Amino acid sequence: KAGVTQTPRYLIKTRGQQVTLSCSPISGHRSVSWYQQTPGQGLQFLFEYFSETQRNKGNFPGRFSGRQFSNSRSEMNVSTLELGDSALYLCASSADSYGYTFGSGTRLTVV
Amino acid sequence: AQRVTQPEKLLSVFKGAPVELKCNYSYSGSPELFWYVQYSRQRLQLLLRHISRESIKGFTADLNKGETSFHLKKPFAQEEDSAMYYCALRAQGAQKLVFGQGTRLTINP
C-alpha cells in the first residue's frame with residue numbers, strides 16, 4: 001500500500017512569505033502528526049490531528065498552524081516566514097498511535 | 001516533561017563487533033519507547049517498539065524502568081547497519097513522540 005506522501009519535496013521561500021505543506025497519510029490512518037527536523041534542535045513535535053481535530057500541539061509560535069480534512073489529508077501552514085524556519089518538515093501517520101509511519105519530508109529553505 | 005537522551009552523537013564499530021546504542025529517558029509515568037532508523041537518503045523508519053518485544057534486523061532493545069533506559073543492541077554489526085538511529089518516547093495518553101538527538105552509527109569494514 002502507498003506510504004505517507006508529502007508535497008512538495010523541496011521549497012524555497014523568502015522571509016515574510018507564507019507556505020503550505022501537504023501530507024497524505026496511509027489509507028485508513030486517521031492520525032497525522034507533524035515534526036520539524038533541524039541539525040540544532042533535532043526532531044521536534046509540531047502538532048497532531050485526529051478526525052479533523054487538533055489533539056496536541058507542540059511548543060511553536062502561532063505562525064505555525066495546521067488542519068486536517070475529512071479524508072485525513074493534512075496541511076500545515078507557516079506564516080511570516082523567518083530564516084530559522086528553514087528545516088525538514090516531516091509528517092507521520094498512525095492507525096493506533098503505537099507506531100508512526102513517516103513521510104520523506106518537505107525541505108523548506110527560507111532566504 | 002519528558003526527555004530522551006542519547007549520549008553518543010557518533011558511534012563507530014567494526015563489522016562483526018557488537019553494537020550498543022544508548023538511550024536514557026526521563027518520565028515519571030509508564031512510557032512507550034521506540035527506536036527509529038534513518039538510512040542515507042531514506043525516510044525515518046520504525047525499527048523497534050518495546051511493546052512488541054520483537055527483534056528486527058538482529059536488533060533488540062529492552063526497557064529497563066529501574067535505570068530508565070532503552071538501549072539498542074546487536075551482537076554482530078553489519079555494514080548495512082550504518083545509519084542514524086533515534087530513540088523516542090511516547091508518554092501515557094499522549095499523541096506525540098519525544099525524540100533523542102540521535103546517534104550516527106558507522107560500521108567499518
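Side chains included, hydrogens not; waters and symmetry mates left out as well; all remaining heavy atoms used. Keep in mind the model is a prediction, meaning the values are calculated, not measured. Residue numbers begin at 1 in each chain, while the letters A, B, ... track the order of the sequences.
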Indicate if A/L90 and B/L46 have the same hydrophobic cluster label, given that clusters are the connected sets of ILVMFWY residues with side-chain heavy-atom separations under 4.5 angstrom. yes
Let me know which of A/F45, A/F47, A/W34 forms a side-chain contact (heavy atoms from CB on, under 4.5 Å) with B/K96. A/F45
Is the side chain of B/R43 donor-acceptor paired with the backbone N or O of A/V4 at a distance under 3.5 Å, no angle test? yes
Check the surroundings of atom OH in B/Y39: do more than 12 heavy atoms from other residues, nucleotides or ligands lie under 6.0 Å from it? yes
Is B/E67 atom CD crowded by more than 12 heavy atoms from other residues, nucleotides or ligands, each under 6.0 Å away? no
Dump the intermediate steps for side chain to side chain contact (heavy atoms under 4.5 Å, CB included) on A/L43 and B/L44, then the final yes or no. CA-CA 11 Å; A/L43 283 149; B/L44 206 57; 4.1 Å; yes
Treating Ile, Leu, Val, Met, Phe, Trp and Tyr as nodes and any side-chain heavy-atom pair under 4.5 angstrom as an edge, say whether A/L46 and B/L97 lie in one connected cluster. no
Sort A/Q41 into side chain, backbone, both or neither according to what part of it lies under 4.5 angstrom from a heavy atom of chain B. backbone
Shared hydrophobic cluster, B/W35 / B/V13 (ILVMFWY, side-chain heavy atoms < 4.5 Å): yes
Measure distances from A/S33 to the heavy atoms of chain B and classify the residue's part below 4.5 Å as side chain, backbone, both or neither. side chain
Rounded to the nearest 0.5 Å, what's the gap from CD on A/Q44 to CZ on B/F99? Could you check? 11.5 Å
If you define the side chain from C-beta out and look only at heavy atoms, does anything of B/Q38 sit under 4.5 Å from A/F102? no
Verify same cluster id: A/M76, A/V32 (apolar side-chain graph, 4.5 Å): yes
Using only heavy-atom distances, determine whether the side chains of B/Q95 and A/Y100 contain a donor-acceptor pair under 3.5 Å. no
